[in-house]
Amino acid sequence: MTRKRFFVESAVPGEGTIDLGGDAAHHIEHVLRLRAGEEVELIDGVGGGWLGAIVETGTGTVRVRITGRLDAPAESSLNLSLALAFSRADRMDLVLRQATEIGVNRFIAFRSRRSQYGLTGRPAGKRLERWQRIAREAVCQCGRLNVPEMVILSDIREVLAKLDQWERSGNLLRILAFERGNGKGIVDLHRAFPRCMEVMVAVGPEGGWSSEEAELLTRNGFHAVHLGPRILRLETAAAIVLSSVQLLWGDLGA
């Protein structure tokens, strides 16, 4: 039977016990109805993972004895980022969940020319809280140890301004999903750049990129690629391009 996995906010000791409360305790006691002796996994979202066994339940607290460490076989060696223009909230939620499962390390949201809204201040903070919950659920489900970094920026120019600070290797491959591209697909790009450790993918809103945004991105090193002859919904396009990237440069093709 697969061990259930839970996200922990507090530091996990290398040995001994830890007390789980809040949502984790409620889920263990009242939803899954786990009992003493059953094994669980605990993760902190920043690379730490532990094996444990339930010692005691009740009164809204679950005590877990730490029995070992988890390794990270589900983390890709590819440093993959997704820059996604603001679109309908439910579609962005789905893209984030799927992107986390596919292996994205950074999720950047911003307002593009054809986005119907932008987010700043308290609304942006509330949206980030929601995305954190979604990403944590996805990480627990898919076996990863790291929750993607998430940021909200004002526009595509601010995204471009931060690329250098995100780039680790000095060789970041920049991909623009563009329905009116130059006829090149992702496989063509792979032939030109067969080896890569870092990829940034930019996906536009439901209305697509404006010609000015596409020109700005290509001037700043983004390679425009098409995703086939069919018109794709936002969430479909994002899933296809991210999966293709992981297949060609990441761990789906390993």
Side-chain angles (χ1 to χ4, degrees), residues 78-100 102 104-128 130-131 135 148-186 189 193 196 198-227 231-245 249:
L78 181 68
N79 181 24
L80 178 57
S81 300
L82 171 64
L84 181 68
F86 276 120
S87 301
R88 275 177 40 183
D90 59 336
R91 293 186 178 180
M92 295 196 74
D93 290 352
L94 178 57
V95 170
L96 172 62
R97 184 181 299 278
Q98 293 174 331
T100 302
I102 292 169
V104 161
N105 295 320
R106 182 178 294 107
F107 182 78
I108 305 136
F110 62 96
R111 185 171 192 172
S112 75
R113 180 71 60 86
R114 292 176 179 161
S115 295
Q116 296 182 350
Y117 66 93
L119 289 176
T120 58
R122 185 175 180 183
K126 298 292 285 185
R127 182 67 65 87
L128 284 174
R130 175 176 175 78
W131 286 344
E149 174 190 353
M150 285 174 248
V151 294
I152 291 177
L153 301 179
S154 59
D155 55 26
I156 193 62
R157 292 184 181 276
E158 189 174 8
V159 175
L160 293 172
K162 289 184 175 292
L163 286 182
D164 287 343
Q165 107 181 28
W166 288 327
E167 193 169 0
R168 298 176 187 169
S169 65
N171 189 29
L172 175 67
L173 180 60
R174 307 174 186 191
I175 299 176
L176 168 63
F178 190 42
E179 66 276 13
R180 300 191 305 277
N182 55 12
K184 290 186 177 180
I186 294 181
L189 196 59
F193 302 94
C196 182
E198 293 187 276
V199 176
M200 163 76 75
V201 171
V203 177
E206 287 134 323
W209 298 105
S210 69
S211 56
E212 294 82 5
E213 287 171 325
E215 182 182 354
L216 177 63
L217 286 162
T218 53
R219 282 205 318 265
N220 281 272
F222 277 80
H223 301 271
V225 298
H226 68 80
L227 301 178
I231 297 173
L232 305 177
R233 290 165 64 107
L234 168 78
E235 58 270 33
T236 308
I240 285 177
V241 67
L242 292 174
S243 298
S244 298
V245 166
W249 291 281

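For R97, the side-chain hydrogen bond (donor to acceptor under 3.5 Å, both in side chains) partners at least two apart in sequence or on another chain are E137.
Taking CD of E235 as the reference point, atom CG of L94 lies at 5.5 Å (rounded to 0.5 Å). From T120, atom OG1 reaches atom CG of L153 across 12.5 Å, with rounding to the nearest 0.5 Å. The distance from atom CG of L163 to atom CG of N220, rounded to the nearest 0.5 Å, is 7.5 Å. Taken from NE2 in H223 to CG in L173, the straight-line distance is 5.5 Å, to the nearest 0.5 Å. The structure places CG of L216 at 11.5 Å from OG of S211, a figure rounded to the nearest 0.5 Å. Here the CG-CZ distance, from L160 to F222, works out to 6.0 Å after rounding to the nearest 0.5 Å.
Closest approach of E212 and R113 over heavy atoms only: OE1-NH1, 3.9 Å. The nearest pair of heavy atoms linking I186 to S244 is CD1-CB, 3.7 Å. Considering every non-hydrogen atom in both V159 and A83, the closest pair reads CG1-CB, 4.4 Å. Residues L234 and G204 approach most closely at CD1-O, 3.1 Å, considering heavy atoms. Shortest non-hydrogen contact noted between F107 and L96 is CG-CD1, 3.8 Å. In this structure, R174 and G221 approach most closely via the heavy-atom pair CB-O, 3.6 Å.
Ring planes of F110 and W209: parallel class, angle under 30° (limits at 30 and 60°).
At most 12 non-hydrogen atoms from other residues, nucleotides or ligands lie less than 6.0 angstrom from CZ of R122.
Between the side chain of N79 and the main chain of E167, no donor-acceptor pair closer than 3.5 Å is present. At least one donor-acceptor pair under 3.5 Å links the side chain of T218 to the backbone N or O of E215. W131 contributes no side-chain N or O that, together with a main-chain N or O of M92, makes up a donor-acceptor pair within less than 3.5 Å.
Among residues at least two apart or in separate chains, salt bridge (Lys or Arg N to Asp or Glu O under 4.0 Å) pairs with a member in residues 149-163 are R106-E149.
Put simply, the side chain of W166 reaches to within 4.5 Å of the side chain of V151, judged on heavy atoms.
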